[in-house]
Each structure stands twice: as structure tokens, then as C-alpha cells.
Student: 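First the structure, which I've put down as C-alpha cells, then a few questions once you've had a look.
So that the names make sense, note that chain A is the first sequence line, chain B the second, and so on, each numbered from 1.
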2 protein chains.
Amino acid sequence: MAQPKKAASIWDVARLAGVSHQTVSRVVNGSPRVAAATRDKVLEAIAELGYRPNRLARSLAGGAVESVTVLAADTSLYGPEAALRGIEKAARSLDWSVQISVLDPADTHSDEDIIARLPRAGEPTIIMAHDEPGMRAKQVLLDTQPQAMVAIGPYTAEELAASPWLVGMDDGKAAAEATRYLLDQGHETVHHLAIPTSTGTFGGGKAHRADGWARTLREAGREVPDAVPSGWTFAEAFKAVQPLIADPSVTAILCGNDHLALATLRAAHLAGRDVPGDLSIVGFDNTPFTAYTTPALTTVNQDFESVGRGAFELLRHRVDSTNPRPKPSWPDPELIIRETSGPPRSRS
Amino acid sequence: MAQPKKAASIWDVARLAGVSHQTVSRVVNGSPRVAAATRDKVLEAIAELGYRPNRLARSLAGGAVESVTVLAADTSLYGPEAALRGIEKAARSLDWSVQISVLDPADTHSDEDIIARLPRAGEPTIIMAHDEPGMRAKQVLLDTQPQAMVAIGPYTAEELAASPWLVGMDDGKAAAEATRYLLDQGHETVHHLAIPTSTGTFGGGKAHRADGWARTLREAGREVPDAVPSGWTFAEAFKAVQPLIADPSVTAILCGNDHLALATLRAAHLAGRDVPGDLSIVGFDNTPFTAYTTPALTTVNQDFESVGRGAFELLRHRVDSTNPRPKPSWPDPELIIRETSGPPRSRS
DNA sequence: CCGAGTGATGTTAACGATCACTTTGGTTAT
DNA sequence: ATAACCAAAGTGATCGTTAACATCACTCGG
């Protein structure tokens with residue numbers, strides 16, 4: 001206890017078992033070419049010394065890679081969190097180790113900063129490119145080690161097919177579905193409270209939520225109101241949505257995610273607007289809390305976990321092309337209709 | 001591109017710059033004993049080759065440690081997430097690298113499984129011991145490498161003082177404060193919907209939420225109803241709380257966290273019980289969404305981020321005792337009164 | 001009875017960095 | 001002029017592990 005005795009190495013085990021270190025290595029890695037008696041001796045020594053292999057040394061020595069680093073910023077959102085779970089599960093089932101490194105959204109990381117997150121050059125990496133820091137990180141890794149990276153984000157089928165390092169879902173399609181549903185309910189038009197990545201520097205891709213929304217309105221020959229930009233937090237959303245809430249001609253708001261939707265619901269309640277009578281609100285992501293708000297939020301469910309799984313499979317293929325390339329799949333979004341949406345109350 | 005050309009090593013840089021590998025090492029690590037001209041040559045070579053030091057090799061060679069691994073299970077709860085942010089910030093500001101390894105709550109990890117999470121024996125580790133898998137992990141690490149671990153969890157001042165590897169907050173005290181508040185509002189007694197760790201195998205510590213609640217009721221001479229055990233999910237909480245909702249004599253429920261509180265609020269609404277008229281509900285943790293539900297949740301705020309920071313400082317002390325031992329501090333819990341609590345409606 | 005094959009081990013050389021020394025020159029004090 | 005010193009740079013060992021190759025003792029077929 002007072003003596004922080006150093007951890008046993010493969011050599012200590014070898015000495016105690018009376019064999020060479022290489023034989024110990026063979027036992028540890030389950031090589032078949034070890035006599036049963038020897039194996040037992042070694043295992044005994046391992047147990048006695050409490051030996052555990054040093055993963056750093058192992059991968060330095062060029063052993064199998066079997067480790068992924070996930071770069072993510074905001075893991076408090078349900079989508080990324082679920083995708084992460086998918087990656088974890090897929091990786092664990094193959095005995096890969098998974099490390100997560102969190103990018104600070106406030107901080108603007110320099111390129112070196114981002115690269116320094118990786119334990120070594122060429123470390124297999126999955127990037128959650130759903131927000132600004134993630135998209136930055138994607139660019140940096142793309143320039144640095146494109147062969148050992150995969151990014152998750154909102155992309156169309158074409159984009160996915162064109163870029164061998166992308167995995168994602170077509171958020172635009174999902175937004176289109178939600179918008180069409182609101183139109184079908186009889187709303188004149190649908191307003192949009194947009195997450196930061198749908199607008200500004202990084203936004204504008206056809207697979208983005210705002211794009212799917214606008215496209216659908218145009219196709220239906222409706223007026224396309226300006227999308228209202230919001231920050232990621234409840235407080236920012238609450239503030240940003242006020243003009244929409246105050247405007248009685250607004251009867252339906254599609255929100256960029258469920259957090260924005262909850263803030264909108266709250267704002268509507270405080271302003272005395274009835275939901276869904278005066279105003280329909282639709283969220284995005286099917287975050288667990290949405291089923292338990294009052295009224296319960298209508299939202300769009302997407303299978304993030306399977307996207308995470310797909311990202312891991314693709315990474316495995318890219319790192320070692322003997323692994324099969326998973327066929328790109330975009331899980332179909334599913335609209336979950338609950339209590340915050342319905343037909344507009346007919347004007348008197 | 002086709003050629004996944006190997007990453008440049010320190011030797012490649014040395015050769016290109018016409019110096020020894022050791023000089024390159026000096027430049028990279030900012031040693032003062034390098035001539036300016038040499039430094040420039042080396043930096044140029046580094047830039048040209050896109051060299052980045054291999055962290056694995058570096059820590060193998062016995063360089064400064066400067067890396068923490070955080071073991072956590074459920075990071076979707078606000079508390080752990082905020083604590084993690086605290087660790088991240090503290091670590092980054094000293095240029096330590098942080099890896100997170102997620103324990104699967106469903107899976108019962110074997111001891112080796114948990115240990116295998118660490119990149120090497122002796123890796124400095126912080127464990128989020130707020131749930132079952134975390135508590136398991138704490139035990140395992142305690143047996144394996146107590147000198148390089150710190151655990152975060154609910155502990156009393158005495159427990160914290162006695163165990164040099166613990167950091168935490170006195171949840172019992174916080175629960176006591178919330179319970180006293182409800183009693184002061186005039187409620188006969190207060191019921192408790194408990195998180196799994198407050199009951200069962202791991203529960204029962206004096207710093208646990210359920211304990212603070214029961215203690216306060218006893219001290220006030222009130223009847224102490226059985227705590228109602230709940231799982232972690234909304235669905236489990238919703239189901240578990242039904243008997244309390246159905247019982248009209250129940251006028252106040254203290255919930256083990258904000259998720260349970262939201263489920264309780266939803267259940268009360270569906271059962272037609274008015275909140276806070278018929279029923280007061282108090283949550284725990286001040287999860288961001290609590291300010292935006294309708295009615296907004298009364299809850300207990302705790303400064304998780306500073307606990308995370310404290311954990312990192314303590315770990316630094318334990319790994320290298322020349323670093324000062326941070327004085328244990330338990331940030332004071334703060335009751336945030338919003339709209340789900342108040343005096344009971346007087347019986348007619 | 002001998003050479004080839006084979007299964008179980010040992011030996012040596014990386015891997016990419018740091019650490020503890022050693023060497024090389026040029027100043028400075030005596 | 002010479003010892004002493006110092007800054008700048010190099011050399012070799014080392015960290016814990018795996019890969020590649022070498023060795024050794026058997027067994028087996030001809």
C-alpha cells in the first residue's frame with residue numbers, strides 16, 4: 001500500500017513460470033501451439049502476479065488494432081447518445097475497446113488540438129459530425145488520416161454513396177415526412193425552429209432538417225416562411241421562438257429537435273396558446289422524455305443505434321479491407337403522433 | 001491515398017532535419033537546451049512530414065502520465081454528465097487527455113471485463129459510482145489498483161474523510177432539505193419514489209437520498225411510509241408510481257431524480273390529480289428540462305461540475321503526491337422551488 | 001537408420017518514444 | 001596555457017509487447 005509496487009510485466013510472468021516471455025504472450029493471446037502443461041503453469045503465474053497485458057505496449061508492437069476512438073461534442077442529446085450506444089455494442093461484441101473523447105462546444109479547437117485527442121497517428125476514429133465541433137473535427141481528420149475515419153451525420157443517399165467515410169441518416173427526408181403530415185392536417189403552412197447546424201456556415205445540405213421542411217412546402221405550393229434559427233439550449237430556444245408564439249397566424253411549428261420542441265411547448269403554454277388547438281408542435285429524435293411531457297410531444301423517431309452500428313462496421317472495413325463493406329442503409333424515419341399535433345382550429 | 005503510407009516517427013523527423021532523435025524529442029517537449037536554429041530545422045521537418053508524437057509510445061517509455069480514464073455507465077443522466085464535464089474541463093486545462101469508457105448497465109461485467117477497460121495497469125481512473133455497474137467497478141478497482149483510482153458517488157462527510165479515494169456529495173443532506181421543505185409546507189408526510197441505488201444491494205448508505213428522506217421524517221415525528229422502488233427509466237417509474245398516485249392520502253412525493261419526477265407528473269396528470277393542488281412533486285438534480293415542463297418541476301440543484309473537478313484534483317494527488325490534496329468539499333445543495341410543489345389543499 | 005516434417009519453445013529485432021549518460025566544442029576564470 | 005564549466009547534441013538502454021525466424025526433440029515413412 002505504501003509501496004506502489006509496479007505492475008507485473010510479461011517478463012515477470014515468464015520468469016515465475018520458467019518459460020520465455022514469448023510463450024506467455026502465446027498463452028495470453030490464445031495461440032494453439034502451447035502444451036497444456038505449459039499453459040497451466042503460465043496461467044498460474046499470471047494469477048499469482050495479477051498480471052494484465054499492457055494495451056499500449058501491445059498496439060505499439062503492431063498487434064491487432066482493435067480499438068476505436070469516438071470524437072463527439074454534445075452527448076447530452078439523445079441522438080448522438082443512442083448512436084454511441086450502437087457503436088459501443090457493436091465494438092464490444094468483437095472485443096474492441098472504445099474510448100470517447102469529448103470536444104468542448106464552447107472552445108474553438110485548433111486543428112492540432114483535435115488531432116491530439118487521438119492516442120496515435122492512424123487510430124481508427126468515428127466522428128459525430130452532427131454539430132459544429134464535430135464537423136470541424138471531420139474536416140481535420142479527413143485531411144489527416146482519411147483511411148482510418150468515419151463520420152456520422154445528416155446526409156442524403158447520394159452523398160453517402162459518394163463518400164466512403166460517411167454514415168448517416170437522411171434527416172431531410174424525415175423532416176419532409178413531418179411537414180407533409182402537418183400540411184395534411186390542414187395547416188396553411190408550417191414554421192421551423194432550426195437547430196444551429198441547419199443554418200449558418202455548416203448548414204444547407206440537402207439532408208438537413210431545414211432543407212426537407214422547405215422543400216416540402218415548396219412542392220406543396222405553400223409559402224415558405226423564414227426558418228427561425230435557435231441555439232442548442234432550452235433557454236436559447238425559448239427566447240428564439242417567442243416571435244412565432246406571439247404571431248397568431250402561426251399554427252404549426254416543426255422543431256429541429258425535441259429540446260427545442262419542449263421549450264416551444266413551454267413558451268406556448270406561458271403565452272396562453274392552446275396546444276394542439278391553437279398551435280401544433282412537432283419535435284425531432286424521439287428523446288425519451290417526449291412521451292412523458294404534458295401534452296406528450298409528437299416527434300420523429302430515427303434508429304440512431306443502427307446508424308452507430310453501421311459506422312463501426314464501415315470503420316472496420318476501411319481499416320482492414322478484408323472486412324466486408326456494410327451496405328449503406330438509412331433506417332426509415334417514423335413519425336410518432338402524440339398529443340401536441342392535430343388539425344388547426346378552424347378560424348371563426 | 002491508395003497507399004496507406006505509414007505515419008512518420010521521431011526517427012524520420014530526425015533524419016530529415018539532420019539531427020538525432022533525442023533532439024527531436026527535446027524540441028517536441030519544449031526543452032530549453034536546444035539552439036534556435038536547430039529547433040527551426042526540426043519544426044520544419046515536423047511540419048513537412050506531418051509528424052505527431054505517438055502517445056502510446058510516449059507513456060510506455062515512462063514519460064509523464066497525463067491521462068485519465070473515466071468509467072461510467074449511464075451518462076444520459078444529468079448528474080454524471082455534468083460531473084464528466086467538470087473532469088474534462090479540469091483535465092484539459094492541464095493538458096491531460098481524457099478517455100471515457102462506458103459500462104453497459106444491462107450486462108453484468110466480469111471483473112476482468114472491467115479491468116480490461118483500462119489501457120494499462122495503473123492507469124489513473126475515475127469511476128462514476130452512482131449506479132450499480134459503477135459500484136461494481138469501484139470494488140474491482142479498489143482491489144486492483146487503489147492507488148490510481150477515485151470514485152464519485154453519494155457519501156457523507158465522514159465517509160469522505162475516511163476514504164482517501166472518494167469524492168462526492170451528501171445526497172442524504174439534500175434529500176433532507178427537500179423533505180423538510182415539504183413538511184414545512186404543511187404536508188402530513190412525504191412519500192418517496194426511490195432510484196435503484198437507494199434500495200437493494202448497494203443502497204442504504206447514510207448519504208443516500210432515501211436515507212435523508214426517512215431520517216427527516218423520523219426526526220419530525222412523522223410516519224415513515226415505505227419507499228417505493230423504481231427503475232431508472234421513465235417507463236419503470238411511471239409504472240412504479242401508480243399506487244402512490246391512486247392513493248388520495250398521498251399529498252407529496254419526493255422523487256429520486258428528475259426522470260422519476262417527470263414520470264410521476266405525467267401519471268398524476270393522467271389520473272386527474274392536480275399538481276400541486278392535490279399533490280406536490282419534487283425532483284432531484286435540476287436536469288435542464290425541469291425548468292421547461294408544465295408545470296415546471298421543483299427540484300434540488302447540486303453542483304456536479306465542481307464534484308467532477310474535485311475528483312480530478314484528488315486523482316492527481318493520489319497518482320503523484322507532490323500535487324496538493326484538495327480539501328474535500330461538498331457543495332451545498334440548493335432547493336429550486338418551481339411549480340410542482342406547495343401547501344396541500346386543505347381537506348374539506 | 002536417416003532425412004523430412006511437425007509441434008513446442010526460445011531468441012532477436014522491431015514498435016516509437018523517453019531517460020540517463022556521454023561526447024563535443026567553445027568560454028571563462030586562474 | 002590550462003583546468004573547469006556549460007550549453008548543445010548524440011548514444012544506448014529501456015518500457016511491455018508481438019512478429020519473424022531459429023532451434024530442438026520427436027515421430028514417421030522409405
Student: Output every pair passing salt bridge (charged side-chain N to carboxylate O under 4.0 Å, His left out) with a member in residues 17-37 of chain B, not counting sequence neighbours, ordered by first then second residue.
Tutor: none
Student: Counting primed atoms plus P, OP1 and OP2 as sugar-phosphate and everything else as base, spell out the protein contacts along nucleotides 14-20 of chain C at 4.0 Å heavy-atom distance: B, S or - for each nucleotide, 5' to 3'.
Tutor: -BBBBBB
Student: Under a plain distance cut-off of 3.5 Å, with no hydrogens placed, do A:Ser31 and A:Asn29 share a side-chain donor-acceptor pair?
Tutor: no
Student: State whether B:Ser20 places a side-chain N or O below 4.0 Å from either non-bridging phosphate oxygen (OP1 or OP2) of D:dT11.
Tutor: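 No, because none of the side-chain N or O atoms of B:Ser20 sits under 4.0 Å from OP1 or OP2 of D:dT11.
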Student: Does A:Asp12 have any salt bridge (charged side-chain N to carboxylate O under 4.0 Å, His left out) partners at least two apart in sequence or in another chain, and if so, which?
Tutor: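 For A:Asp12, the residues satisfying salt bridge (charged side-chain N to carboxylate O under 4.0 Å, His left out) (neighbours in sequence not counted) are A:Arg15.
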Student: Only counting residues at least two apart or in another chain, list the ones meeting side chain to side chain donor-acceptor pair (under 3.5 Å) with B:Gln22.
Tutor: none
Student: Just grab all the salt bridge (charged side-chain N to carboxylate O under 4.0 Å, His left out) pairs involving residues 55-64 of chain B, residues at least two apart or on different chains.
Tutor: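 For residues 55-64 of chain B: none.
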Student: Got a sec, which residues hit salt bridge (charged side-chain N to carboxylate O under 4.0 Å, His left out) with B:Arg309, two or more places apart in sequence or on another chain?
Tutor: none
Student: To 10°, what angle do the rotation axes through the five end pairs on each side of the helix from C:dC1-D:dG30 to C:dT30-D:dA1 form?
Tutor: 50°
Student: Can you run down the side chain to side chain donor-acceptor pair (under 3.5 Å) pairs that involve residues 59-76 of chain B, sequence neighbours left out, and say none if there aren't any?
Tutor: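 Qualifying pairs: B:Ser67-B:Glu123, B:Thr69-B:Glu123, B:Asp74-B:Ser76.
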Student: Give a yes/no answer on whether the side chain of A:Thr23 brings an N or O atom under 4.0 Å of OP1 or OP2 in C:dG10.
Tutor: yes
Student: Can you sort out which residues in residues 37-45 of chain B have a heavy atom within less than 4.0 Å of DNA chain C? Ascending by number, please.
Tutor: none
Student: Report the distance from atom CZ of A:Arg33 to atom C1' of D:dC26, rounded to the nearest whole Å.
Tutor: 15 Å
Student: Name all residues meeting the side chain to side chain donor-acceptor pair (under 3.5 Å) criterion together with A:Gln99; count only those two or more places apart in sequence or in a different chain, and write none if there are none.
Tutor: A:Ser97
Student: How many whole angstroms separate atom CG of A:Asp12 from atom C1' of D:dT17?
Tutor: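 It works out to 13 Å between those atoms.
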Student: Taking only residues two or more places apart in sequence or in another chain, which ones pass side chain to side chain donor-acceptor pair (under 3.5 Å) with A:Asp143?
Tutor: none
Student: Can you pull out every salt bridge (charged side-chain N to carboxylate O under 4.0 Å, His left out) where at least one residue sits in residues 84-96 of chain B? Sequence neighbours excluded, please.
Tutor: B:Glu81-B:Arg85, B:Arg85-B:Glu305, B:Glu88-B:Arg92, B:Lys89-B:Glu305
